[in-house]
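Got a structure for you, written out below as structure tokens; questions coming shortly.
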Amino acid sequence: MKKIKVNLDKKVSNSYEICVGYDIMDRIGLIIAKNHPAFRYIIVTDSNVSALHGEGLLEKLKGMGLKADMIEFPAGEASKNISTALGIVEKMLKIGADRKSTLLALGGGVVGDITGLIASLYMRSLPYIQIPTTLMAQVDSSIGGKTAVDLPEGKNLLGTFHQPRGVFVDLKFLETLSEAEFNNGLMEVIKYGIIEDAGFFHFLEEHMDRIRKRQSDALERIVENSCRIKKGIVEIDEKDEGLRRVLNFGHTIGHAVEAASEYRMSHGEAVALGMVAAVRISERLHDLPAEDRVRIERLIKSAGLSGHIPKTITLEKILSRLKMDKKKDGSTIHFVLLRKIGMPFINGGVPEMVLHDVMEELRR
Ligand code: GLY
């Protein structure tokens, strides 16, 4: 098991460790009891994960003589709303949860975000631990303390920053992940290579085949490296006021297309096409070398994603979703663009005509 320390400003937040390895769930009861003592532990999970891994974790905690309960809600993004959160809170009250309790977020991004939000608000905050079970949650959403639920007007519009006390990343969870779920996370992994680490990007080019076969040493390397990159960015900009925005590479157009598809498109496919659009804009406006664009598009394809926008989604619909993003952040849409692999920058001035042309190129 590898340990990665997230060092945060102690005046604001507590630093914490990310543990990455294959053996973690076998020992988690022991580690939690020793390093994260609490009067009561409450596992928060969804209907898919509870049968697969929740019952086992509950038994382990109880077997250690710890007070433990589990709260479950229906799986899926549709559950990521305030009424699900209130339902969980009511169950916590019934169980008798107080500030000496610790929440364990066992699941993907939805579970992590909603549990984090409740942990930041319940009785003016209590500790929580992230136990991410999807690749996307392991390399991205479980690290950095962003919590949220969705509103009818958009994703993640109601949330807080509340750092977890620890993150336990067991790579064994990845063995049973569907291909679509695996690809969602893989796009975040590729994103880290593009925005931060040309050497890691090269590793992904060389080993994509082994990664997609989920070979243990390859998975260990990509998850550990991704966690290190994310924690490095969060340490510098915990509250998303500057550098952390580079993590949105590929997500501005990606989210707009995903929303325009009424969420029929997978998040991985949306981020893939968003990254392809961002590199094409970067090549046109900021001299990104053509060779870098070709390498990025090739790597995304080798990960099994097309990077295309389905013909059925109109440009008007995508542009109107992009303008909703604009409303969220003053008057300009901030795009993360690229000077070369490993060198991103934020740009608010992409002419609508360029956006239009690039998206038209990607519609197939
Ligand atoms: N997933 C983007 C961030 O954590 O800032």
Side-chain angles (χ1 to χ4, degrees), residues 4 6-9 12-13 15-16 18 20 77 80 105 107-117 119-120 128-130 132-150 154-164 166-167 169 181 183-197 200 222-223 225-259 263 266-272 274-275 278 325 328-329 333-338 344-346:
I4 302 167
V6 184
N7 298 299
L8 297 170
D9 180 351
V12 181
S13 308
S15 301
Y16 54 97
I18 306 164
V20 184
E77 183 76 27
K80 195 174 160 183
V110 172
V111 170
D113 282 11
I114 208 165
T115 308
L117 180 69
S120 74
Y128 76 114
I129 288 170
Q130 291 274 17
T133 57
T134 64
L135 182 57
M136 194 279 288
Q138 294 190 344
V139 297
D140 182 15
S141 60
S142 67
I143 306 161
K146 276 189 179 175
T147 85
V149 289
D150 301 336
K155 281 176 88 161
N156 296 331
L157 289 184
L158 191 66
T160 58
F161 287 96
H162 185 51
Q163 298 293 339
V167 184
V169 177
E181 271 296 352
N183 285 343
N184 287 341
L186 208 45
M187 286 308 105
E188 304 297 337
V189 172
I190 291 177
K191 177 191 79 179
Y192 290 127
I194 297 172
I195 61 167
E196 184 68 24
D197 186 343
F200 184 45
I222 64 162
V223 174
N225 222 55
S226 299
C227 290
R228 280 191 198 283
I229 292 173
K230 173 116 194 211
K231 81 107 195 180
I233 292 172
V234 169
E235 279 175 353
I236 293 170
D237 179 22
E238 185 187 347
K239 294 284 165 70
D240 207 3
E241 289 156 341
L243 177 70
R244 190 165 174 172
R245 289 179 177 199
V246 299
L247 293 172
N248 278 335
F249 180 74
H251 287 60
T252 311
I253 291 176
H255 277 158
V257 178
E258 195 182 3
Y263 297 97
S266 76
H267 181 66
E269 194 58 80
V271 174
M275 294 197 291
D325 238 23
K328 275 191 243 162
D329 197 7
I333 309 171
H334 288 104
F335 291 92
V336 185
L337 301 178
L338 212 57
F345 66 101
I346 314 282

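Basis for what follows: all heavy atoms, side chains included, without hydrogens, waters or symmetry-related copies. Order of listing sets the numbers, starting from 1, for every ligand and every atom in it. Worth saying up front: this structure is predicted, and the values here are computed from it rather than measured.
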Less than 4.0 Å is my threshold; does some heavy atom of Asp240 fall inside it relative to ligand 1?
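No heavy atom of Asp240 comes that close to ligand 1.
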Measure from atom 2 (C) of ligand 1 to every heavy atom in Arg245, Lys146, Glu238, Met136 and give the option owning the shortest one.
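When every heavy atom of Arg245, Lys146, Glu238, Met136 is considered, Lys146 comes closest to atom 2 (C) of ligand 1.
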Considering heavy atoms of the protein only, find what lies nearest to atom 4 (O) of ligand 1 and give residue, atom and distance to 0.1 Å.
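Answer, as residue, atom name and distance: Lys230 NZ, 2.5 Å.
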Between Gln163 (side chain only) and Gly144 (backbone N and O only), is there a donor and an acceptor less than 3.5 Å apart?
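Present.
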Heavy-atom contact under 4.0 Å between His251 and ligand 1?
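For ligand 1, residue contact (heavy atoms, under 4.0 Å) with His251 is absent.
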If every non-hydrogen atom of Phe249 is compared with every non-hydrogen atom of Ala278, which pair is closest and at what distance?
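Nearest pair, atom of Phe249 first, then Ala278: CE1-CB, 3.6 Å.
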Could you tell me whether the side chain of Asp237 and the main chain of Leu243 form a donor-acceptor pair under 3.5 Å?
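Pair found, side chain donor or acceptor close to backbone of Leu243.
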Looking only at heavy atoms, which two atoms of Ile195 and Val246 are closest? And how far apart?
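Nearest pair, atom of Ile195 first, then Val246: CD1-O, 3.7 Å.
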Give yes or no for whether the N/O distance cutoff of 3.5 Å, strictly under, is met between Arg244 and ligand 1.
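Looking only at distances, the answer is yes, because the N/O contact criterion of under 3.5 Å is met.
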Please classify the Asp140 to ligand 1 contact at 4.0 Å (heavy-atom distances, strictly less than): side chain, backbone, both or neither.
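Side chain only.
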If you compare all heavy atoms of Ile114 against all heavy atoms of Lys80, which two are closest, and at what distance to 0.1 Å?
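Scanning both residues completely, I find the closest heavy atoms to be CD1-CA, 4.2 Å.
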